[in-house]
Amino acid sequence: MQKSKTPSLTHQSLSEDSAKDIKKAAKGAGISFIASAMGRCLFFVYQVIIARYFSIEIFGLFTLGLTIIRIADILARLGINTGAMRFVSIYQKDDPERVKGVLISSSIISFISGIVFGGLIYFYAGYIAELVFHKPGLKDVIKTFAPCVPFMGTMLVIAFASQGFHTTKYTALIKDIIQPAANIVLTILFLYLGFGIAWIITAFTISYAIALLIGFYFITKQFPGIKKKTTKPVYETKNLLRYSVPLLFGGFLYFLLFWTDTIMLGYMKSSADVAIYRAAAQIPAFLTLLLMAFDSIYAPVIAEMHHLGQIERMGHIFKTTTRWGFLLALPVTIVIVFSSCEIMAIFGTD
């Protein structure tokens, strides 16, 4: 009798643990989805403000400058954002010294690397603007964006490191709410004061600096040991870089997947063409929010089903969610196709 009870109790215990894991994952996915949706909406509003206030040519140059700065950011991070999240997650329960070492080393490396890559695009701004994109006006835009690189990269490293403490709340707040919101507020303020595009780009940099400082504050809330002198940091710099750097190439390819079209247009066409394409591309991108919504619900559940070998049930849910996603996206797509002029007018008459 004793033998027959043990497996049952073990299975029940595993099921309860799995249910807790699924609930936690689903909650985290829900928070991430809501924050990502808000972040995307805020960034859309930000671009609409710039497109309506400035000329179509300036919006095109701004778009190209933003693309270049994001390439520099990916290279400057060296994949450390993912590495920091992994090592913090591993050590956060039992090894506060190594957690402190990872947080300090990842922040310093990303900031110094950001200064290096920001300096490179600053000094080579003329070459990039004239020889690559054939747009002399892009030079000043790139130079104004360049100081943002260390703040942008380090902010993302801190945001992802925060996720290593097994919560997505602070990560979502830092990168999807605080930075975009600060950016919009500063942009509106500077426009009200009559400042030009250089100050608008400066506002973009300041918003990342603000998000970075708040990110450090959140880290101290999650890990008070970072402020304690008694907690001596143990650095895992070699292991951190050995794990992180290979991930750089994956992140860079993922970026190119979404921005190659803009880069090619910048090379082959005018800045006005880049502006029109970028504005139009923002609208259907909102349809991916539907995919994100289903993923946030479906991903944690499918993990449990796969673990239990419930392949047929997985298939049924996959078909159902796919059908729902298609049926919800179809009417929105039809509206976009037949109301294209009215929708594009959001960005201005140009």
Side-chain angles (χ1 to χ4, degrees), residues 38-73 76 111 114-115 117-126 128-130 133 135-156 174-215 259 262 266 270-279 281-282 344-350:
M38 290 182 65
R40 185 170 294 187
C41 290
L42 288 170
F43 186 61
F44 176 79
V45 171
Y46 172 64
Q47 291 179 99
V48 168
I49 291 171
I50 295 173
R52 291 186 70 91
Y53 194 86
F54 295 101
S55 68
I56 191 169
E57 288 80 12
I58 290 179
F59 182 56
L61 293 175
F62 174 86
T63 299
L64 287 174
L66 184 61
T67 306
I68 293 163
I69 208 72
R70 284 183 166 169
I71 293 173
D73 163 54
F111 196 82
I115 292 173
F117 279 92
L120 286 173
I121 66 168
Y122 182 88
F123 288 111
Y124 287 97
I128 297 169
E130 296 181 27
F133 291 104
K135 295 172 180 60
L138 183 58
K139 178 181 176 180
D140 291 335
V141 172
I142 296 172
K143 282 190 169 186
T144 312
F145 263 121
C148 186
V149 179
F151 297 105
M152 182 184 289
T154 311
M155 185 220 74
L156 287 170
I174 295 166
K175 69 184 185 70
D176 293 320
I177 306 298
I178 293 169
Q179 186 276 319
N183 190 24
I184 287 180
V185 170
L186 288 169
T187 297
I188 292 173
L189 175 63
F190 287 175
L191 288 175
Y192 177 77
L193 294 173
F195 294 158
I197 190 64
W199 277 97
I200 302 308
I201 297 171
T202 302
F204 185 81
T205 301
I206 295 171
S207 71
Y208 272 99
I210 291 170
L212 174 60
L213 291 174
I214 295 175
W259 289 86
T262 303
S270 68
S271 57
D273 291 325
V274 174
I276 293 169
Y277 179 84
R278 178 62 185 168
Q282 297 298 296
M344 285 293 286
I346 295 171
F347 290 91
T349 55
D350 288 349

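No hydrogens, no waters, no symmetry mates; every other heavy atom, side chains included, goes into these values. We count residues from 1, following the sequence as given. Keep in mind the model is a prediction, meaning the values are calculated, not measured.
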First locate atom CZ of R52, then atom CD of Q47, and finally report the distance between them rounded to the nearest 0.5 Å.
14.5 Å
Report, as yes or no, whether the 6.0 Å neighbourhood of atom OH on Y124 holds more than 12 heavy atoms from other residues, nucleotides or ligands.
no
Nearest heavy-atom approach of A125 to K143 is CB-CG, 3.7 Å
Please indicate whether W199 has more than 12 foreign heavy atoms, meaning atoms of other residues, nucleotides or ligands, lying under 6.0 Å from its CH2.
no
Atom OH of Y122 with >12 non-hydrogen neighbours under 6.0 angstrom:
no
Heavy-atom count around K135 NZ within 6.0 Å, excluding the residue itself: above 12?
yes
Strictly by modelled atom types, are Q179 and S207 linked by a side-chain donor-acceptor pair under 3.5 Å?
yes
Distance-only check: which donor-acceptor pairs under 3.5 Å involve side-chain atoms of residues 144-153, not counting sequence neighbours?
residue : atom : partner : partner atom : Å
T144    : OG1  : D140    : O            : 2.7

Excluding sequence neighbours, so at least two apart, what forms side-chain contact (heavy atoms from CB on, under 4.5 Å) with I56?
A272, A275, I276, D350
Rounded to the nearest 0.5 Å, how far apart are CD1 of I49 and CD1 of I188?
4.5 Å
Distance from I200 atom CD1 to I58 atom CD1, nearest 0.5 Å?
10.5 Å
If every non-hydrogen atom of G215 is compared with every non-hydrogen atom of I174, which pair is closest and at what distance?
CA-CD1, 3.6 Å
Reported CD1-to-CG distance for the pair I206 and L212, which is rounded to 0.5 angstrom
13.5 Å
With rounding to the nearest 0.5 angstrom, report the CG to OH distance, L156 to Y208.
6.0 Å
Does any non-hydrogen side-chain atom of I177 lie less than 4.5 Å from one of M38?
yes
What pairs of donor and acceptor atoms, side-chain ones from residues 60-72 against any protein atom, are under 3.5 angstrom apart with sequence neighbours left out?
residue : atom : partner : partner atom : Å
T63     : OG1  : F59     : O            : 2.9
T67     : OG1  : T63     : O            : 2.8

Could you point out which residue of V185, N183, T205, L186 forms a side-chain contact (heavy atoms from CB on, under 4.5 Å) with I210?
L186
Is the shortest side-chain heavy-atom distance between Y277 and D273 below 4.5 Å?
no
Taking atom CZ as the centre, does F123 end up with more than 12 heavy-atom neighbours from other residues, nucleotides or ligands that are less than 6.0 angstrom away?
no
